[in-house]
Amino acid sequence: MKVAAVQMVSGVSLADNLAQARSLLEQAAQAGAELAVLPEYFGAMGLRDSDKLTLCETWGDGTIQRFLAGAARELGLWIVGGTLPLACDSPGRVHNSTLVFSAQGECVARYDKIHLFRFDNGRERFDEAQTIQAGREPARFTMVARSGTPWRVGLSVCYDLRFPELYRAHARAGADLLLVPSAFTWTTGRAHWEVLLRARAVENLAYVLAPAQGGRHENGRRTWGHSMLVDPWGTVLAQQDEGPAVVLGELDAAHLAQVRGQLPALEHCVL
């Protein structure tokens, strides 16, 4: 099955970002992708952290959700909507949520980011908990490829990547593909992005598809990019360093089965 990691350099304008996303999704569909995944915060990288509150939507309806459903239906493409801000029960906060739309435009899964980014090296400071309410539950979905092969997919977002227990839960539930839409900073991405993605693939014997924000944004922030597809042996199959792009790759069920047959790690896991 061909899949696509959509890399963006989102700005502050929702309309401009959605137009950029639509163009890239069209490229993915034209290239034969069956699943396309947008990066975290694809709808906007605001001037202030609080800007995401103005874009907050109620689950089930809103500009971004209608965009995702329409694009999936019109392009005949499964789309994982990076993240968007959804209403929560905490005043002044939102959930940072991933929504999954089938090729018929139906929302089939939702995941609210559990692990919230916090970083302070004296020069850069981030604290997502100031505007985001953490999720509580892992989420997965199953899609059937045009070939008839079912793929079990585990959801995660960005900073989740540093918490292997989440991915182990996905693996125990039979996940074949792990998704990591992200907006890693330049500093943390340069140091840890690839090694963490490859580790999650190897230890869970699964493909990892990680679309990212990648470049210099209007708000002055620089993100690492390097969207990539990693196979269950830990090999990077496709990658883009910076700039808007569609990173394409193939998921091979036979290769996945072969690697799992050679390394039946999950069968011997003891807690």
Side-chain angles (χ1 to χ4, degrees), residues 3-10 21 24 28 35-42 45 49 80-83 96 98 111 113-129 132 134 138 153-168 170-171 175 177-217 219-249 251:
V3 297
V6 177
Q7 182 161 291
M8 296 178 61
V9 187
S10 296
L24 293 167
L35 170 70
V37 188
L38 292 161
E40 185 180 28
Y41 299 130
F42 76 94
M45 294 279 283
D49 286 346
V80 178
T83 65
N96 191 24
T98 297
Y111 169 66
K113 184 178 182 181
I114 293 175
H115 302 98
L116 304 183
F117 182 47
R118 182 178 296 171
F119 177 68
D120 187 349
N121 65 358
R123 300 180 304 278
E124 302 168 276
R125 184 179 183 278
F126 302 93
D127 186 358
E128 287 187 322
I132 296 173
V153 185
L155 298 172
S156 68
V157 175
C158 201
Y159 198 55
D160 284 331
L161 188 57
R162 297 181 182 274
F163 298 85
E165 296 86 355
L166 173 61
Y167 300 89
R168 183 60 73 188
H170 286 322
L177 171 63
L178 305 169
L179 303 182
V180 197
S182 299
F184 256 59
T185 69
W186 173 269
T187 303
T188 58
R190 180 173 53 179
H192 303 141
W193 173 246
E194 182 175 327
V195 68
L196 286 171
L197 290 171
R198 296 179 68 192
R200 299 295 87 87
V202 169
E203 68 194 9
N204 295 296
L205 303 178
Y207 283 95
V208 173
L209 184 64
Q213 297 281 352
R216 183 75 68 177
H217 301 265
N219 60 11
R221 180 174 170 180
R222 188 179 183 186
T223 48
W224 176 242
H226 292 79
S227 298
M228 67 178 68
L229 174 65
V230 185
D231 82 355
W233 192 250
T235 302
V236 177
L237 301 179
Q239 182 176 183
Q240 169 75 21
D241 52 4
E242 286 189 304
V246 176
V247 180
L248 295 162
L251 306 187

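Computed from a predicted model, the values in this text were never measured in an experiment. Numbers for residues simply follow the sequence, beginning at 1.
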Please identify each residue that fulfils side chain to side chain donor-acceptor pair (under 3.5 Å) with Thr235, with sequence neighbours left out. none
So CD of Glu194 and CH2 of Trp224: to nearest 0.5 Å the spacing works out to 9.0 Å
What closest approach, in Å, do Ala201 and Asp231 show between heavy atoms, and which atom pair accounts for it? CB-O, 3.5 Å
So how far is it from Met45 CE to Asp49 CG, rounded to the nearest 0.5 Å? 9.5 Å
Give the minimum heavy-atom separation between Met228 and Val247, together with the two atoms involved. CA-CG1, 4.5 Å
Are side-chain heavy atoms of Thr98 and Val157 found at a separation under 4.5 Å? yes
Working note: Thr83 + Phe42, criterion side chain to side chain contact (heavy atoms under 4.5 Å, CB included); need CA distance, chi angles, decisive distance, verdict. CA-CA 7 Å; Thr83 65; Phe42 76 94; 5.8 Å; no
Which residues pass the side-chain contact (heavy atoms from CB on, under 4.5 Å) test with Ala175, sequence neighbours left out? His170, Leu178
Salt-bridged, Arg222 to Glu242, with N to O below 4.0 Å? yes
Using side-chain heavy atoms (C-beta onward) and a distance below 4.5 Å, is Thr223 in contact with Phe184? no
Do other residues, nucleotides or ligands put more than 12 heavy atoms under 6.0 Å from Trp186 CH2? yes
Out of curiosity, Leu35 CG to Leu177 CG, how far, rounded to the nearest 0.5 Å? 6.5 Å
Do the side-chain N and O atoms of Tyr167 and Ser156 include a donor-acceptor pair separated by under 3.5 angstrom? yes
Please report the closest heavy-atom contact between Arg221 and Thr185, naming both atoms and the distance. NH2-CG2, 3.8 Å
If you look at every heavy atom in Gly249 and Leu229, which pair is closest and at what distance? CA-CD2, 3.6 Å
Student check: side-chain heavy atoms of Arg125 and Arg118 closer than 4.5 Å: no
Measure across Trp193 and Gly225 and return the closest heavy-atom pair with its distance rounded to 0.1 Å. NE1-O, 3.4 Å
Can you measure from CE (Met8) to CG (Leu38) and round to the nearest 0.5 angstrom? 6.5 Å
Could you measure the distance from the OG atom of Ser227 to the CD atom of Gln239? Nearest 0.5 Å is fine. 8.5 Å
Walk me through it: do Val9 and Arg216 pass the test side chain to side chain contact (heavy atoms under 4.5 Å, CB included)? CA-CA 7 Å; Val9 187; Arg216 183 75 68 177; 5.8 Å; no
Is there side-chain contact between Pro138 and Leu155, with at least one heavy-atom pair below 4.5 Å? no
If only atom types and distance count, is the side chain of Arg168 paired as donor or acceptor with the main-chain N or O of Asn204 below 3.5 Å? no
Might you work through the side chain to side chain contact (heavy atoms under 4.5 Å, CB included) test for Ser182 and Gln213, ending with a clear yes or no? CA-CA 7 Å; Ser182 299; Gln213 297 281 352; over 6 Å; no
Test item: Gln7 and Pro244 side chains (from C-beta on) under 4.5 Å apart, heavy atoms: no
Contact check, side chains of Val180 and Val208, non-hydrogen atoms, under 4.5 Å: yes
Work out which heavy atom in Ala4 is nearest to a heavy atom in Leu248; give both atom names and the distance. CB-CD2, 3.7 Å
Verify the distance criterion only: is there a donor paired with an acceptor across the side chains of His226 and Arg190 at less than 3.5 Å? no
Backbone N/O of Leu116 and side chain of Glu128: donor-acceptor pair under 3.5 Å: no
Is there a side-chain contact between Phe119 and Thr188 in this structure, where contact means two heavy atoms from C-beta onward sitting under 4.5 Å apart? yes
Would you call Glu40-Lys113 a salt bridge at under 4.0 Å N-O? yes
Going by heavy atoms in the side chains, are Ile114 and Asp160 under 4.5 Å from each other? yes
Under 6.0 Å between the ring centres of His115 and Tyr159? no
